[in-house]
Amino acid sequence: MNVDVIILAAGQGTRMRSALPKVLHPIAGKPMLAHVISTARQLPNAQLNIVIGHGADKVKALDSGSDIQFSLQEEQLGTGHAVQQAVANLRDNSTSIILYGDVPLIHASTLQKLLEQTADGSMGLLTAIFDNPTGYGRIIRNDQGEVIANVEQKDANPEQLKVQEINTGFMALPTERLKEWLPKLSNDNAQGEYYLTDLIAMAADSGAGVKAVHADDHSEVEGVNSRTQLIALERVYQSQQAAALLAGGLAIMDPARFDLRGSLSHGQDSTVDVNCVFEGSVELGSNVSIGPNCVISNSRIGDDVEIKANSVLEDAVVESNCVVGPFARLRPGSVLKPGAKVGNFVEMKKSTLGAGSKVNHLSYVGDAVIGDNCNIGAGTITCNYDGANKFKTTLGDDVFVGSNSTLVAPLDIETGGFVGAGSTITRKIETDQLAVGRGKQRNIDGWKRPSKD
Ligand code: UD1
Ligand code: CA
């Protein structure tokens with residue numbers, strides 16, 4: 001079956017009160033329309049037709065896939081009019097399915113169910129039973145229980161308003177029928193719009209028939225008109241992701257305080273404490289422990305690693321058995337070799353810390369390569385920047401840097417080099433040398449303290 005997907009994305013979204021077109025507002029860090037596009041792509045032989053209007057250029061820039069054709073709806077004259085804009089791009093002998101850029105959590109399996117209803121030429125219609133159907137189109141059935149029409153809220157009589165079965169807007173039908181019926185729509189209704197939903201009565205009247213199916217979950221058919229609704233779906237989506245990760249064996253201490261804006265893979269018996277945010281692509285090995293309040297972006301974390309509370313990692317690689325934090329910041333290009341330790345108030349950038357090496361307290365390590373089993377004392381700073389250019393610091397294995405030292409790059413410290421505390425080091429230190437670069441201590445006898453007059 002060839003599937004022509006039509007995604008309506010022309011609306012302005014006035015109630016978002018935002019300069020960003022509504023369909024570009026994110027759920028889990030990804031624009032709503034991008035969610036709908038990914039779902040549509042799971043359908044067999046799908047071509048995507050996106051109807052754009054408000055913020056057309058920005059929306060168009062979202063995805064330039066060769067499977068997407070955009071149609072511009074210059075004036076928003078109704079959902080039927082919107083679909084009409086895409087008709088020229090639809091294939092013959094395909095099945096058309098209508099999706100919405102502001103209804104982001106629809107599942108491919110539900111769409112598949114809808115498509116199956118069209119096998120005998122019927123229209124497949126996704127409906128739902130709502131306790132409070134206010135605002136939605138109501139589904140009208142005859143005495144045999146067959147769907148015969150949809151009536152919009154504003155066109156409904158008091159009897160029809162009581163109907164709790166609502167139109168979700170999602171429908172599938174043979175493209176030939178769509179092409180035949182769309183030109184017959186009129187805007188002679190309460191809103192003066194071309195209603196796509198009038199196709200429902202046309203399908204019933206033509207004898208093709210309408211087969212209604214339900215979604216598994218109401219959140220699949222919920223649309224976004226306001227930030228309140230957006231954030232409600234964000235929480236739904238986050239709890240679904242957390243549930244899937246828990247089911248897959250990741251111990252998430254509180255699924256209500258867990259945010260994944262991207263993808264997260266993990267081995268066995270790894271734990272995520274409360275209030276962590278994961279962004280982009282994050283990989284956790286086995287027996288990893290992530291403490292509370294960590295933010296981890298595009299990073300790879302090996303087995304048996306402990307990331308303690310309040311650490312921030314971005315584009316970092318942490319190999320097995322490392323300990324990071326609390327309050328550590330690993331900026332892009334940080335690589336920790338197995339068993340390395342980075343402690344509190346340490347910032348690293350574009351640097352490699354060798355196996356078993358430690359930077360435990362209050363340091364800045366930038367543009368440095370540190371060998372194995374080094375000890376970088378508290379308050380050590382790599383001076384990597386002269387105001388114009390960046391320079392590298394290289395340490396061999398077994399180097400000891402005493403506390404409160406400044407390492408002025410470019411600088412080499414060879415294996416076994418030893419830096420006395422409080423030094424400013426500007427010249428190369430050779431193997432097993434001790435370097436002390438500080439003012440000499442003088443002790444003065446009989447010193448009289450200043451006293452008040
Ligand atoms: C529509 C349905 C209603 C259904 C409801 C579900 C119609 C006539 N009514 O009503 O039966 O219960 O959805 O949410 O279809 N759009 C365009 N161009 C337009 C008009 C709309 O792209 O000219 C887009 C909107 O941006 C939106 C979607 O189509 O994403 C639905 O339009 P909206 O005006 O919100 O329809 P509803 O009145 O909610
Ligand atoms: Ca709506």
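Side chains included, hydrogens not; waters and symmetry mates left out as well; all remaining heavy atoms used. All values reported here derive from a predicted model rather than from experimental measurement. Counting starts at 1 for both ligands and their atoms, following the listed order.
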| query | With a 4.0 Å cut-off on heavy atoms, does H81 reach ligand 1? | reply | no
| request: Please could you name the atoms of ligand 1 that T197 approaches to less than 4.0 Å, counting only its heavy atoms? | output: 7 (C), 8 (C), 9 (N), 11 (O), 15 (O)
| Of the listed options (Y136, F130, Y100), which comes nearest to atom 14 (O) of ligand 1 when hydrogens are ignored and any heavy atom counts? | Y136
| Taking only residues two or more places apart in sequence or in another chain, which ones pass salt bridge (charged side-chain N to carboxylate O under 4.0 Å, His left out) with R331? | E347
| request: With sequence neighbours excluded, tell me which residues meet ring-ring contact (aromatic ring centres under 6.0 Å, His included) with Y194. | output: none
| note | Here the atoms of ligand 1 under 4.0 Å from any heavy atom belonging to D102 are 27 (C), 30 (O)
| task | Tell me which part of Q73 gets within contact of ligand 1: side chain, backbone, both or neither, using heavy atoms under 4.0 Å. | result | side chain
| Hey, which atoms in ligand 1 end up nearer than 4.0 Å to a heavy atom of L8? | 22 (O), 24 (C), 29 (O)
| said: I'd like to know whether ligand 1 has G101 as a neighbour, heavy-atom separation below 4.0 Å. | reply: no
| Taking the non-hydrogen atoms of V51, is any one of them nearer than 4.0 angstrom to ligand 1? | no
| query | Which ligand 1 atoms are under 4.0 Å away from a heavy-atom of Y195? | reply | 8 (C)
| request: Could you give me the CA-CA distance, side-chain angles and deciding distance for T175 and S94, then say whether side-chain hydrogen bond (donor to acceptor under 3.5 Å, both in side chains) is met? | output: CA-CA 6 Å; T175 301; S94 72; 2.6 Å; yes
| Heavy-atom contact under 4.0 Å between I166 and ligand 1? | no
| Sub-3.5 Å N/O-N/O distance, A10 and ligand 1 | yes
| For ligand 1, which atoms, with element, lie under 4.0 Å from some heavy atom of G11? | 22 (O), 26 (O)
| task | Please name the residue in the list R41, K30, K58 that meets the salt bridge (Lys or Arg N to Asp or Glu O under 4.0 Å) test with D63. | result | R41
| remark: Restricting to heavy atoms, the pick from M171, E152, Q153 nearest atom 1 (C) of ligand 1 would be E152
| query | Can you tell me if K308 and N344 form a side-chain donor-acceptor pair at under 3.5 Å? | reply | no
| field | Residue portion contacting ligand 1 (non-hydrogen atoms closer than 4.0 Å) for T168 | value | backbone
| Under 3.5 Å, is there a donor-acceptor pair linking the side chains of D188 and S186? | no
| Numbering the atoms of ligand 1 from 1, which are under 4.0 Å from a heavy atom of T79? | 7 (C), 8 (C), 15 (O), 20 (C), 21 (C), 29 (O), 31 (C), 32 (O)
| Which one of A82, P133, G78 has a non-hydrogen atom at the shortest distance from atom 20 (C) of ligand 1? | G78
| task | In plain terms, say whether R138 and D155 are close enough for a salt bridge, that is, a side-chain N and a carboxylate O under 4.0 Å apart. | result | no
| Between R300 and E319, is the closest basic N to carboxylate O distance under 4.0 Å? | no
| Does one side chain, of H81 or E193, offer a donor that lies under 3.5 Å from an acceptor on the other? | no
| remark: Given the options T382, D315, D367, K349 meets side chain to side chain donor-acceptor pair (under 3.5 Å) only with D367
